[in-house]
Amino acid sequence: MIDVMSLRDRFMPTSRTLPPARRPGRRAARQVLAGLLAAACVLPPAPALAAAGSLPALGEDADAALSPAGERALGERIMRSIRSDPDVIDDPVLRAYADQIWLRLLAAARQRGEITPDLDPRFAWQAFLVRDRTVNAFALPGGYVGIHLGLIAVTTNRDQLASVLAHELTHITQRHIVRSIGIQQRQSLVSIASMVLGVLAASRAPAAAQALMTGGQAVAMQDQLNFSRDMEREADRVGFGVLTAAGFDADGMAAMFEKLAQASRLNDTLEYPYLRSHPLTTERIGEARARLGPGMRPLTERIDPLHQLMRERSRVLMDQRAVALRPLIDEAVQPPPSTLDALQAVARGYGGVLAATLLRDDAAAVQAMKQLRERLAALPPAQRSVLQPDIERLAAEAAVARGDTVSADAALAALEGDTGRAALLLRARRAVLPGTEPAQVQAAASTLQLRVAAAPDDAQAWTLLGQCWERLGQPLRAARAHAESSAALGRIADAVERLRAAQRQARSRSPSAADFVELSVIDARLQALEAEMRQLQREDARGS
C-alpha cells in the first residue's frame, strides 16, 4: 500500500488545513498533485483483510495487481514528475545522514528476508527529502520513501527517526501498495502517469489548480483512501523487527508514537499527518510498548549529539523565510541562556550559522561561526570529536557561500580524508570560485567525473562538473554536463534542447579533435534522450 493518507495530508490538506488566502497557487497545485497521485496509485482498495494473521504472504495477490517491474516503472514515472519540484530537496548533509539510517534498515531487512532476492534488484530502495514542516513520511511504488524535514526536526534521536522509516520500508517490502489494488479496479500505468503530468501542468496555472480543488474532484477520492488497519499493524510489527535488527534502540518506535501523540494533544496544529494517517489508538501504542518485553520499563529519550545538529539543519531548511531565519541568527550570535545546556547551545549555533548563510548575511555568519566554535570547545571531548567534522563542513559551506576562499580552504583542510558526497561537492564549489587556479579546477572536474560515472543521477555533481568545464574553456563538455543534470531531475525535454544547442554551437565554429570526440558522445546521448522523450509522449497520449 502506498502511504496515501500521508501523501494526501502532505500535498492535499482538507479545508481545515488549507486557508486559500494563505497559500500560493503553485503550492496548492502541488498539493492537488499528490492527492490525485495517491488516489491514482492506490485506487479503490481490494476487499478488507480480516486480521493481521490472514494477510497474504509476500507477493500473494500483489503480482496479480501489478508486477514488481510494473511497480518500479510506476515509481520511476512518479519520481520523474516530482523530482524537480523545489520542495524535493537534495541537501548533501541531511541526505547523507538519512541514508546512513536508511541503509542500515535495508541491510537488516535483507538479512531478515523481508527484502527477497527476487525483489531486491527490481526496486530503487531510495529515500528522499521533502521541504515541509509537517511531521510525516510516505512510501511510493517501486521502493521510494519521502521524508519530511518536519519529521527530522521533531525527533530526539536517530532511533525515533529510524522507527518511522522502518514502518515505511515495511509498506514497501510487504508490497502493501499493490496489495490494495483490485484486479478489476486497476488503472493502467499510463493513465496514472498522465494524471500526474496533468496536475503538474496545472501548477503553472494557479487559477486552474484552485478550480480543480474547489470543484471537489480531489476530495471525492478520499473515500478510496482508507487502508486496512491490518496492514498498518503489519508495518508496525515487521518494522519493529527491522528496527531492532538494524541495531537501533527498541524504545525508538514506542517513544516516537507517544511523543507525537502527546504533541498532537497539546498542540493540535494539524501538522502531524503521520498521526492522522496512522491512527495511534491506545491499543496500537500499547502494542508498541509490549514489544519492548516484560517489565514495561519507562521509555527513555537517548540524546544523540549528531542528531541534534541534523534537527537544527532541518529546522532551518524547512522554512527559509527571513522572518523564520532571523530569530535563529539572533540565538547564535548572542550568549546562550543559562537554561540551555552545552549541546543545545552548539545545536542552536549550528542552525544560526546556516540561517545567516542562507540569508547572505556574511557578517552574522562569521560572528555566529566564531560563537559556535567557542560553544563546541565547551563540550566534553567525546561529543566534541563526534561533532567536529560536521562543524567544519558547515564552516566550509558558509565560507564558500560568501566567497571566502581562505576560510573555505582552512575548513576543507580539516576535512582531509573525508570522501563523502557532501565534502566532495563542497570542494567542487570551492574550485569554481573566481580566482581559482586551473589545476585545482581540473582536479575537481576529474573527481566529479568519477562521481557521475558511479552515480549518473547526481544532478548536483553534473551541475558542478558543467561549471568546472566552463571555467576550463570547454563549452561542449559543459553543455553535456548541464544536460545530464536536467535529465537526472526528470527534465528530459530541457536536456534534449541543451544537447541540440551544443550541436548547433559546434557547427558554428571549427571543431577541434577533442570536440569531435565530445560531439560523438553528445550525438549518442541525444538519440537516447530523444527516444526516451518519444516514449513518454506515447504513454501520455495513450493515457489521455
Task: Over all atoms of both residues, closest heavy-atom pair of A461 and L425 - done: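 Reported closest heavy-atom pair: CA-CD2, 4.0 Å.
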
- [ ] Among R538, E532, Q537, find the one that has a side chain to side chain donor-acceptor pair (under 3.5 Å) with Q535.
- [x] R538

Task: Salt bridge E484-R525, side-chain N to carboxylate O under 4.0 Å - done: yes

Open item on the list: If you define the side chain from C-beta out and look only at heavy atoms, does anything of W469 sit under 4.5 Å from Q442?
Closed with: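 In contact.
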
Task: Which atom of I492 lies closest to which atom of L529, heavy atoms considered - done: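 Residues I492 and L529, closest heavy atoms: CG2-O, 3.7 Å.
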
Open item on the list: Between L358 and L317, is there a side-chain heavy-atom distance shorter than 4.5 Å?
Closed with: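 Yes; the side chains approach each other to less than 4.5 Å.
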
Open item on the list: Quick one, E518 with R477, criterion side-chain contact (heavy atoms from CB on, under 4.5 Å). Give me CA distance, side-chain angles, the key distance, then yes/no.
Closed with: CA-CA 7 Å; E518 190 62 30; R477 286 188 171 186; 3.4 Å; yes

Task: Evaluation steps, side-chain contact (heavy atoms from CB on, under 4.5 Å), between L424 and L448 - done: CA-CA 8 Å; L424 183 152; L448 288 168; 3.6 Å; yes

- [ ] Would you sort out whether H482 and Q467 count as a side-chain hydrogen bond (donor to acceptor under 3.5 Å, both in side chains), showing the intermediate values?
- [x] CA-CA 8 Å; H482 288 306; Q467 293 173 5; over 6 Å; no

- [ ] State whether F248 and R104 meet the cation-pi test: NZ (Lys) or CZ (Arg) under 6.0 Å from the six-membered ring centroid, and within 45° of the perpendicular axis.
- [x] yes

TODO: For residues I89 and R95, determine if any side-chain heavy atom of one lies less than 4.5 Å from a side-chain heavy atom of the other.
DONE: no

Task: Ion pair E71/R175, N-O distance below 4.0 Å - done: yes

Open item on the list: Please give me the minimum heavy-atom distance between T155 and I152, naming the atom from each residue.
Closed with: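 In this case the closest contact between T155 and I152 is OG1-O, 2.9 Å.
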
TODO: List in chain and number order the residues that pass side chain to side chain contact (heavy atoms under 4.5 Å, CB included) with E397, two or more places apart in sequence or in another chain; answer none if no residue qualifies.
DONE: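 If we apply the side chain to side chain contact (heavy atoms under 4.5 Å, CB included) test to E397, skipping adjacent residues, the hits are R313, L354, L394, L426.
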
Open item on the list: So does S486 get a backbone contact from the side chain of R491, meaning a donor-acceptor N/O pair under 3.5 Å?
Closed with: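 Checked: no pair found.
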
Task: salt bridge (Lys or Arg N to Asp or Glu O under 4.0 Å) evaluation trace for D90 with R421 - done: CA-CA 11 Å; D90 179 17; R421 177 173 179 257; 2.6 Å; yes

Open item on the list: If I compare all heavy atoms of L151 with all of L161, which pair ends up nearest, and what's the gap?
Closed with: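 Heavy atoms of L151 and L161 come nearest at CD2-CD1, 3.7 Å.
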
TODO: Grab the two heavy atoms, one from T357 and one from A401, that are nearest each other, plus how far apart they are.
DONE: CG2-CB, 3.6 Å

TODO: Evaluate the side-chain contact (heavy atoms from CB on, under 4.5 Å) criterion for residues T447 and R427: first the C-alpha distance (whole Å), next the side-chain angles of each, then the deciding distance (0.1 Å), finally the verdict.
DONE: CA-CA 10 Å; T447 302; R427 294 187 185 99; over 6 Å; no

Open item on the list: Test your reading of the model: is there a side-chain donor-acceptor pair from W125 to the backbone of Y144, 3.5 Å cut-off?
Closed with: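 Between the backbone of Y144 and the side chain of W125 there is no qualifying donor-acceptor contact (under 3.5 Å).
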
Task: Verdict with reasoning, E497 to R504, per salt bridge (Lys or Arg N to Asp or Glu O under 4.0 Å) - done: CA-CA 11 Å; E497 183 52 40; R504 291 192 296 269; 2.9 Å; yes

- [ ] Just do the side-chain hydrogen bond (donor to acceptor under 3.5 Å, both in side chains) check on R480 and Q474 with the steps written out, would you?
- [x] CA-CA 10 Å; R480 184 168 72 88; Q474 301 197 37; over 6 Å; no

- [ ] For the residue pair L306 and D390, establish whether any side-chain heavy-atom pair is separated by less than 4.5 Å.
- [x]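 The answer is yes; the side chains approach within 4.5 Å.
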
Task: Atom of E234, atom of T170 and distance for their closest heavy-atom approach - done: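 Reported closest heavy-atom pair: O-CG2, 3.9 Å.
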
TODO: For the residue pair H171 and H167, categorise the inter-ring angle as parallel (less than 30°), tilted (30 to 60°) or perpendicular (more than 60°).
DONE: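 Rings of H171 and H167: perpendicular, as their planes differ by over 60°.
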
Open item on the list: If you define the side chain from C-beta out and look only at heavy atoms, does anything of V242 sit under 4.5 Å from R112?
Closed with: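 The answer is yes, as the side chains (C-beta and beyond) meet within the 4.5 Å cut-off.
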
Open item on the list: I want to check something: taking the side chain as every heavy atom from C-beta on, are D457 and Q126 in contact at a cut-off of under 4.5 Å?
Closed with: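 Side-chain contact under 4.5 Å: yes.
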
Open item on the list: How long is the straight-line distance from CG of L140 back to CZ of R77, given to the nearest 0.5 Å?
Closed with: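 Reported value, rounded in 0.5 Å steps: 15.0 Å.
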
Task: Separation between CD of Q503 and CG of L519, rounded to the nearest 0.5 Å - done: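 If I round to the nearest 0.5 Å, the distance is 7.0 Å.
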
TODO: Please lay out, stage by stage, how F123 and I115 fare under the test side-chain contact (heavy atoms from CB on, under 4.5 Å).
DONE: CA-CA 10 Å; F123 278 13; I115 299 178; over 6 Å; no

- [ ] Carefully, step by step, assess Q174 and E114 under the rule side-chain hydrogen bond (donor to acceptor under 3.5 Å, both in side chains).
- [x] CA-CA 7 Å; Q174 300 304 304; E114 309 297 345; 3.1 Å; yes

Open item on the list: Distance check, rounded to the nearest 0.5 Å: L489 atom CG versus T463 atom OG1?
Closed with: 7.0 Å

TODO: Mind checking the CG-CD spacing from L476 to Q505? Nearest 0.5 Å is all I need.
DONE: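 Atom-to-atom, L476:CG and Q505:CD are 6.0 Å apart.
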
TODO: Would you check if the side chain of T436 reaches a backbone N or O of V432 as a donor-acceptor pair within less than 3.5 Å?
DONE: no

TODO: Report yes if the side chains of R451 and W462 come closer than 4.5 Å at any heavy-atom pair, otherwise no.
DONE: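 No. Closest side-chain heavy atoms not under 4.5 Å.
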
- [ ] Calculate, to the nearest 0.5 Å, the distance between atoms CG and CD belonging to L359 and Q320 respectively.
- [x] 9.0 Å

- [ ] Without swapping roles, check the side chain of R498 against the backbone of A483 for a donor-acceptor pair under 3.5 Å.
- [x] no

Open item on the list: Closer than 4.0 angstrom, basic N to acidic O: yes or no for R500 and E530?
Closed with: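 Yes, charged N to carboxylate O under 4.0 Å.
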
TODO: Identify the residue among L105, V164, I172 that makes a side-chain contact (heavy atoms from CB on, under 4.5 Å) with V145.
DONE: I172

Open item on the list: For R131, is there an ion pair with D319 - N to carboxylate O distance below 4.0 angstrom?
Closed with: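 Result for this pair is no, no salt bridge flagged.
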
TODO: Kindly say whether A481 contributes a backbone atom to a donor-acceptor pair with the side chain of S485 at under 3.5 angstrom?
DONE: no

- [ ] Please examine the side chains of H148 and F138, heavy atoms only from C-beta on, and report whether any two atoms are closer than 4.5 Å.
- [x] yes

Open item on the list: Within this structure, what is the SG-CD distance for the pair C468 and Q440, rounded to the nearest 0.5 Å?
Closed with: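 Reported to 0.5 Å precision, the distance equals 9.5 Å.
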
Open item on the list: Show, in sequence, the C-alpha distance, side-chain angles and deciding distance for D118 and T116, and conclude whether the side-chain hydrogen bond (donor to acceptor under 3.5 Å, both in side chains) test is met.
Closed with: CA-CA 5 Å; D118 63 320; T116 58; 2.4 Å; yes

Task: Within 6.0 angstrom of Q111 CD, more than 12 heavy atoms from elsewhere - done: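 Counting neighbours around CD of Q111, 12 or fewer heavy atoms of other residues, nucleotides or ligands fall under 6.0 Å, so no.
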
